[in-house]
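As structure tokens, the structure follows; a few thoughts come after it.
Any value given below was found using the heavy atoms of this structure, including those in side chains, with hydrogens, waters and symmetry copies removed. Being a predicted model, the structure only gives us computed values, none of them experimental.
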Amino acid sequence: MDTADRQGASGARYQRPYAVPERLDLLHGPSSGTVHLPSHLDWSGNAVYDLDAPGRVVDLYRAVLIEAATPQDLYAYLDEKVLRRLWALLWLPAQLRKAWEQRFPVLAEISRITATA
């Protein structure tokens, strides 16, 4: 698991841990249908996601990426192909994006290409 650093207003360093998988090809989560996230990933009260609805799949990926406690959460709910397709569209904390893009240069390349398009 990687951690990302953030400097708080008081100057104290806060490290938010973000789960990052060993390899993208281990992400074999669902790519269609309805998914119900457990409360440790989504406590909003609206934790049912229709992966065939573009807005909801983005919401699910963002929730899982931000709230995953372990790589197993990522493996269970994310799919490599869907992640690559959505990567540039996802609003993510900078520390999380950096951790993933450092581990997986292909994601950094997706961000770079999209930013210059």
Side-chain angles (χ1 to χ4, degrees):
M1 179 175 316
D2 286 331
T3 59
D5 296 336
R6 187 179 338 162
Q7 192 111 10
S10 67
R13 288 183 76 76
Y14 170 72
Q15 290 191 340
R16 165 71 194 253
Y18 291 110
V20 179
E22 289 299 315
R23 301 186 334 252
L24 288 177
D25 65 347
L26 296 174
L27 302 175
H28 292 292
S31 58
S32 65
T34 302
V35 174
H36 184 273
L37 289 180
S39 61
H40 74 278
L41 293 175
D42 184 334
W43 57 90
S44 71
N46 190 22
V48 178
Y49 295 85
D50 178 357
L51 298 184
D52 300 313
R56 290 302 283 161
V57 71
V58 168
D59 292 343
L60 177 133
Y61 271 65
R62 184 170 185 275
V64 172
L65 286 163
I66 292 172
E67 300 300 335
T70 67
Q72 286 68 32
D73 289 331
L74 304 169
Y75 303 147
Y77 296 104
L78 302 182
D79 177 79
E80 177 186 10
K81 290 177 185 170
V82 176
L83 179 67
R84 286 178 186 240
R85 181 172 47 88
L86 296 177
W87 185 253
L89 304 174
L90 295 168
W91 180 91
L92 299 170
Q95 298 84 9
L96 184 150
R97 185 173 292 279
K98 180 179 177 182
W100 278 71
E101 290 182 353
Q102 284 179 337
R103 170 87 43 94
F104 306 112
V106 66
L107 296 178
E109 182 66 9
I110 290 168
S111 292
R112 187 191 67 75
I113 290 170
T114 304
T116 60

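Taking both residues in full, the closest heavy atoms of P71 and A19 are given as N-CB, 4.0 Å, listed atom of the first, atom of the second, then distance. T114 approaches A88 most closely through the heavy-atom pair OG1-CB, 3.3 Å. Closest non-hydrogen pair, Y77 versus P38, comes out as OH-CD, 3.2 Å. Pairing each heavy atom of P21 with each of R103, the nearest pair is O-NH1, 2.7 Å. Taking each heavy atom of P30 and A76 in turn, the nearest pair found is CD-O, 3.3 Å.
Distance check, rounded to the nearest 0.5 Å: CG of D50 to OG of S32 gives 9.0 Å. Rounding to the nearest 0.5 angstrom, the gap separating the CH2 atom in W91 from the CZ atom in R62 is 4.5 Å. How far CD1 of I66 is from CG of L96: 6.5 Å, rounded to the nearest 0.5 Å. Distance CD/E109 to CG/L107: 10.5 Å, rounded to 0.5 Å. Atom CG of L74 is separated from atom CG of L65 by 6.5 Å, given to the nearest 0.5 angstrom. Distance check: E67 CD to Y18 OH gives 8.5 Å after rounding to the nearest 0.5 Å.
Both W100 and L89 are members of a single hydrophobic cluster when ILVMFWY side chains are connected at heavy-atom separations under 4.5 Å. No single ILVMFWY cluster, assembled from side-chain heavy atoms under 4.5 Å apart, contains both V48 and V35. One hydrophobic cluster, built from ILVMFWY side chains closer than 4.5 Å, cannot hold both L60 and W43; they sit in different ones.
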| request: Starting from the C-alpha separation in whole Å, work towards a yes-or-no answer on side-chain contact (heavy atoms from CB on, under 4.5 Å) for R84 and L24. | output: CA-CA 9 Å; R84 286 178 186 240; L24 288 177; 4.1 Å; yes
| task | Walk me through it: do L86 and V57 pass the test side-chain contact (heavy atoms from CB on, under 4.5 Å)? | result | CA-CA 9 Å; L86 296 177; V57 71; 4.1 Å; yes
| message | Between V64 and L37, does the side-chain contact (heavy atoms from CB on, under 4.5 Å) criterion hold? Intermediate values first, please. | response | CA-CA 9 Å; V64 172; L37 289 180; 3.8 Å; yes
| message | Apply side-chain contact (heavy atoms from CB on, under 4.5 Å) to residues D79 and L27 and explain how you reach the verdict. | response | CA-CA 5 Å; D79 177 79; L27 302 175; 5.6 Å; no
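Under 4.0 Å is where a charged nitrogen must lie from a carboxylate oxygen, and between D25 and R23 at least one such pair does. Between D59 and R56, at least one side-chain nitrogen of the basic residue sits less than 4.0 Å from a carboxylate oxygen of the acidic one, meeting the salt-bridge criterion.
R97 places a side-chain N or O within 3.5 Å of a backbone atom of L90 that can act as its donor or acceptor partner.
Under 3.5 Å, the side chains of E101 and W87 contain a donor-acceptor pair of N or O atoms. Side-chain N/O atoms of D42 and H36 include no donor and acceptor closer than 3.5 Å.
No side-chain heavy atom of Q102 sits under 4.5 Å from any side-chain heavy atom of V20.
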